[in-house]
Amino acid sequence: MAPDPVTVASQVTEGQADLHPGMLRQGADHGGGHGQNLLGEPSETGLSAQLQQFWAAWQGVADRPDDLATRGQVLTTGTSLVTTLQDARLGMDREWGNTRTSMDALAAQVSTTASAVADLNASIRQLAGAGQPTNELSDRRDTLLQDLSSLTGATVRPVDDGTVDVFLGGQPLVRGATASVLAVAGSTTRAGQELDPVHFVFASGSPAEVPSGRLGAMQEAVNVTLPAAAARFAEVAATLATQVNALHASGQGLDGTSGRDFFTYTSKDGLAMAVTDASQVAAGAAGAGALDGSSADAIAAIGRSRTGPDAVWKQVVVDVAVATQAAGRRADIQDVVTREVDGARLGAAGVDIDEEMTDLLRFQRAYEGAARVMTAIDQALDTLINRTGLVGR
Amino acid sequence: MSMRVTHRNLTETSLANLNTNKARLSRFQQQLSSGKVFSRPSDSPTGTSESMSLRSQLRANEQFSRSADDAQAWLGTQDTALQSSVAALHQARELALRGMNTGTASPQVREALASEISGLREQLLGYANANFGGRPVFGGTTDQAMAFSPDGTYAGDGGRVPRRLGESATVRADTDGVATFGSGDTSVFAALDRMAADLRAGSTTLGTNLTELDAASGKVLNALTDVGTRYARVVQDRQDIQDKVLSVTALLAGVEDIDLPRTITELKMQETAYQAALGATGRVLQPTLMDFLR
């Protein structure tokens with residue numbers, strides 16, 4: 001294909017159209033898709049079902065404060081809540097770590113691609129200077145530019161000598177025959193992200209900006225989406241611990257001791273069980289009869305509260321669901337736009353067999369015509385050479 | 001000039017449309033095989049929210065139903081104990097009357113009456129110590145096995161034992177032992193003791209004793225009425241809770257479950273659409289000018 005600026009521009013247009021659905025899908029995957037899988041709702045086994053079992057166990061203790069097995073039920077369901085919330089927390093950490101690792105790999109890919117573009121730039125400049133055709137090299141470079149664009153949202157500016165410059169935000173990634181090396185810097189753990197957000201730098205040390213593309217979407221995931229989702233999970237755990245503990249501490253266990261916490265919660269380590277002995281479960285109000293169950297009844301009522309962990313959790317699920325749905329819709333719309341742009345590009349640049357066949361026939365006919373002219377001239381010469389001047393021979 | 005359409009164009013468009021059709025087909029298939037309208041929250045955020053609320057209502061009501069069963073058992077135990085107590089007190093009253101009328105009766109007869117009354121007192125103490133699941137139903141929140149010690153003193157703690165039958169509804173599952181049987185000197189047991197002693201001694205204060213016994217019986221009878229009222233309420237509430245469980249289950253099914261005939265019809269329609277798309281694609285993609293130039 002001819003390396004004219006129009007083609008380059010159309011390639012880049014395609015690249016940019018491509019990156020949006022990719023980015024949104026990525027965003028949907030990180031913010032909602034994976035988060036949504038972590039939710040496990042609606043089901044008979046998800047967190048809300050476990051919360052309900054927990055409250056039912058407390059109501060059971062309110063009915064049978066004397067029964068150790070019933071009290072044990074509170075510990076069992078509480079432990080399963082802790083496990084689920086901690087698993088979700090670890091899942092977030094893992095997800096964060098995986099995305100962070102992928103970012104390193106993708107940044108390396110961007111750097112290699114950029115250096116390949118720079119090499120092709122050099123070759124093209126040389127060939128173009130010598131007046132040689134550069135079509136094949138330009139096609140190869142166009143493919144690479146498309147990759148760069150969908151990875152990072154890079155913009156391309158053609159230069160008169162046949163080379164192209166590639167920019168990330170305002171910074172040059174490729175200029176003529178030289179390419180910069182892109183790297184990811186910042187925290188490598190989710191815990192450290194808040195103080196040291198993940199960002200990009202060039203090997204030269206100057207800061208880099210990746211405006212969009214897969215890499216941009218991943219940066220948003222590790223800096224915004226995943227920490228926000230983790231914070232919502234933490235909110236559920238914190239609400240659960242605070243509200244249960246407040247009532248639990250005011251109640252007394254079978255041993256008559258009050259003031260115990262049921263859960264421990266720290267933002268660093270998350271949720272854990274504080275009570276491990278069934279007789280320490282505070283079912284009764286402090287100072288009431290030995291088999292009072294009013295404290296357990298009050299704790300069970302947290303499950304019906306509009307500000308309790310159940311309500312917080314429901315809000316998390318609905319928010320994630322709405323966000324995922326919206327992202328999915330935006331991606332669908334962008335898919336359509338991409339298809340249109342791709343269609344236009346294919347319409348302009350693609351090969352059509354019918355067209356090629358007609359051309360082929362046209363040239364074949366022209367060839368036949370030319371051949372016929374040759375025959376005519378040949379015949380005329382034949383007449384001249386062989387048939388003239390033979391009178392009287 | 002009309003837009004240039006290449007074979008690549010046709011292929012890409014056909015593929016995209018086929019994919020869209022297939023995605024729709026798979027959605028209906030998933031609905032049909034799972035029986036649920038949505039399998040992920042993003043399929044229907046409102047549906048998810050509603051389903052979560054209904055599920056938690058369902059769980060809560062199931063628990064209320066269990067608590068109601070428990071309350072019913074507690075109150076049933078008290079009902080039986082109090083009915084027997086009333087019967088025993090009636091019997092004691094009759095014996096006392098006989099002792100009064102036969103004021104001149106022989107000491108042997110009076111002794112027989114007195115020991116019968118003492119026997120009734122022991123029976124009554126047994127009823128007052130009735131327990132359910134190891135807990136004395138007249139003892140409040142005590143962790144002791146007895147609500148009344150053998151001398152008729154209240155050994156419970158007077159605490160209340162409520163059972164939750166609804167978000168804001170509780171019912172008292174126990175009965176105040178002191179209000180029903182009294183305690184110590186003022187207890188129904190002490191009244192029976194005094195009556196037996198007076199009968200043995202041939203005392204003339206039997207009339208006072210009888211008034212005392214009647215007053216004590218009145219308290220037991222009141223308690224019986226109260227327990228009966230609460231029992232009836234628990235039965236009614238339990239029925240209501242079970243109705244609620246059924247209606248919530250139905251609502252949940254309405255939110256979560258698919259409309260089978262509709263989904264099957266839609267799946268069939270989608271299948272037809274997919275086949276049509278496949279057919280059209282097959283037709284459009286095959287021929288080129290090459291097929292017609294020989």
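In what follows, every chain begins at residue 1, and chains take the letters A, B, ... in the order their sequences are listed.
Side chains of A/P65 and B/R135 form a contact here, defined as non-hydrogen atoms less than 4.5 Å apart.
Considering every non-hydrogen atom in both B/P45 and A/V318, the closest pair reads O-CG2, 4.3 Å. Considering every non-hydrogen atom in both A/A56 and B/R66, the closest pair reads CB-NH2, 4.1 Å.
From B/R40, atom CZ reaches atom CD of A/Q325 across 10.5 Å, with rounding to the nearest 0.5 Å. Put simply, CH2 on A/W313 and CE on B/M52 are 7.0 Å apart, with the number rounded to the nearest 0.5 Å. The OG1 atom of A/T324 sits 10.0 Å away from the CG atom of B/D43 when rounded to the nearest 0.5 Å. Here B/N19 contributes atom CG and A/D335 contributes atom CG; the two are 10.0 Å apart, rounded to the nearest 0.5 Å. Rounded to the nearest 0.5 angstrom, A/R304 CZ and B/S56 OG are separated by 10.0 Å. How far CZ of B/R59 is from CG of A/D310: 11.5 Å, rounded to the nearest 0.5 Å.
For the options A/G289, A/G284, A/A288, heavy-atom pairs under 4.5 Å to chain B are most numerous at A/G289. Annotation: maximal heavy-atom pairing with chain A below 4.5 Å, among B/S67, B/G159, B/A173, occurs at B/S67. Annotation: maximal heavy-atom pairing with chain A below 4.5 Å, among B/K36, B/E12, B/R160, B/E167, occurs at B/E167.
Of the atoms belonging to A/S294, not a single heavy atom falls under 4.5 Å from chain B. A/E355 touches chain B through its side chain: at least one heavy atom from C-beta onward sits under 4.5 Å away, while N, CA, C and O do not. For A/L361, the part sitting under 4.5 Å from any heavy atom of chain B is the side chain, from C-beta outward, and nothing else. Both the backbone and the side chain of B/D143 come within contact range of chain A, with heavy atoms under 4.5 Å apart. Proximity to chain A (any heavy atom under 4.5 Å) is shown, for B/Q144, by neither the backbone nor the side chain. Only the backbone of A/A62 comes within less than 4.5 Å of a heavy atom of chain B; no side-chain atom from C-beta onward does.
No donor-acceptor distance shorter than 3.5 angstrom exists from the side chain of B/R164 to the backbone of A/Q59, with no hydrogens or angles considered.
Salt bridge present: B/R163 and A/D63 bring a charged side-chain N and a carboxylate O closer than 4.0 Å.
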A/S48 and B/R55: side-chain contact (heavy atoms from CB on, under 4.5 Å), yes or no, with the steps?
-> CA-CA 9 Å; A/S48 71; B/R55 271 171 201 277; 5.6 Å; no
Given B/T48 and A/V317, is the side-chain contact (heavy atoms from CB on, under 4.5 Å) satisfied, shown in steps?
-> CA-CA 8 Å; B/T48 306; A/V317 172; 3.7 Å; yes
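Within 6.0 Å of atom CE in A/M357, more than 12 heavy atoms from other residues, nucleotides or ligands are found, so the atom counts as buried in its surroundings. Counting non-hydrogen atoms of neighbouring residues, nucleotides and ligands closer than 6.0 angstrom, the CZ atom of B/R262 reaches no more than 12 such neighbours.
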